Amino acid sequence: HAIQLLQGDVRLHVPQVAIDDVLAAAGDSRLIAQLEVALEDWTPAIAATLDAQTAKRPIGRGPLAEIDFWRARAAALSTLCEQLQTPNSRRMVEVLERCDSQLLP
């Protein structure tokens, strides 16, 4: 639903690889390298989205302007959150956690 509300939203690149076994994937150095490259792209994209949303202010005055402002902000952040919650994204992060990637906090 949020994707339909927002045009020009940020798309996080998730490598098109099948991760059926997280433990086995965590031992595959070529796969780890692919996942880390994607994760390196995510960080500035997420930061830019958060910065852009923080910089925005309501257009106009009154309660309808506030509602529109918060609706647009929710749509942008929900789109980002939905992408991070996809099964492929979650498995990607799980593999990187399993191999103790230095890119994760």
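On a predicted model such as this, the values are computed, not experimentally measured, just so you know.
The side-chain hydrogen bond (donor to acceptor under 3.5 Å, both in side chains) pairs that include a residue from residues 88-100 are Gln85-Arg90, Thr86-Ser89, Asn88-Arg91, where partners are two or more places apart or lie in different chains.
Scored by the salt bridge (Lys or Arg N to Asp or Glu O under 4.0 Å) test, Asp68 finds Arg71 as partners (sequence neighbours excluded).
Atoms NE2 and CD, from His13 and Glu40 in turn, are 12.0 Å apart once rounded to the nearest 0.5 Å. A distance of 10.0 Å separates CG of Leu31 from CD of Glu36, quoted to the nearest 0.5 Å. The CZ atom of Arg30 sits 12.5 Å away from the CG atom of Leu35 when rounded to the nearest 0.5 Å. A distance of 6.5 Å separates CZ of Phe69 from CZ of Arg57, quoted to the nearest 0.5 Å. Atom CG of Leu12 sits about 4.5 Å away from atom CD of Gln83, to the nearest 0.5 Å. Remark: Leu84 CG to Ile46 CD1 distance equals 5.0 Å, nearest 0.5 Å.
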Chi angles and distances behind the side-chain contact (heavy atoms from CB on, under 4.5 Å) call for Leu103, Leu96:
CA-CA 8 Å; Leu103 296 179; Leu96 293 174; over 6 Å; no
Can you check side-chain contact (heavy atoms from CB on, under 4.5 Å) on Leu39 and Leu104, steps first, answer last?
CA-CA 9 Å; Leu39 187 64; Leu104 294 177; 3.6 Å; yes
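Side-chain contact between Trp42 and Val93 is present, with heavy atoms from C-beta onward closer than 4.5 Å. Contact check for Leu77 versus Leu50: side-chain heavy atoms found under the 4.5 Å cut-off.
Of all heavy-atom pairs spanning Lys56 and Arg73, the tightest one is O-NH2, 4.2 Å. Residues Ala65 and Ile59 share a closest heavy-atom pair of CB-O, 3.2 Å. Between Ala38 and Pro15, the shortest heavy-atom contact is CB-CD, 3.6 Å.
No donor-acceptor distance shorter than 3.5 angstrom exists from the side chain of Arg61 to the backbone of Pro58, with no hydrogens or angles considered.
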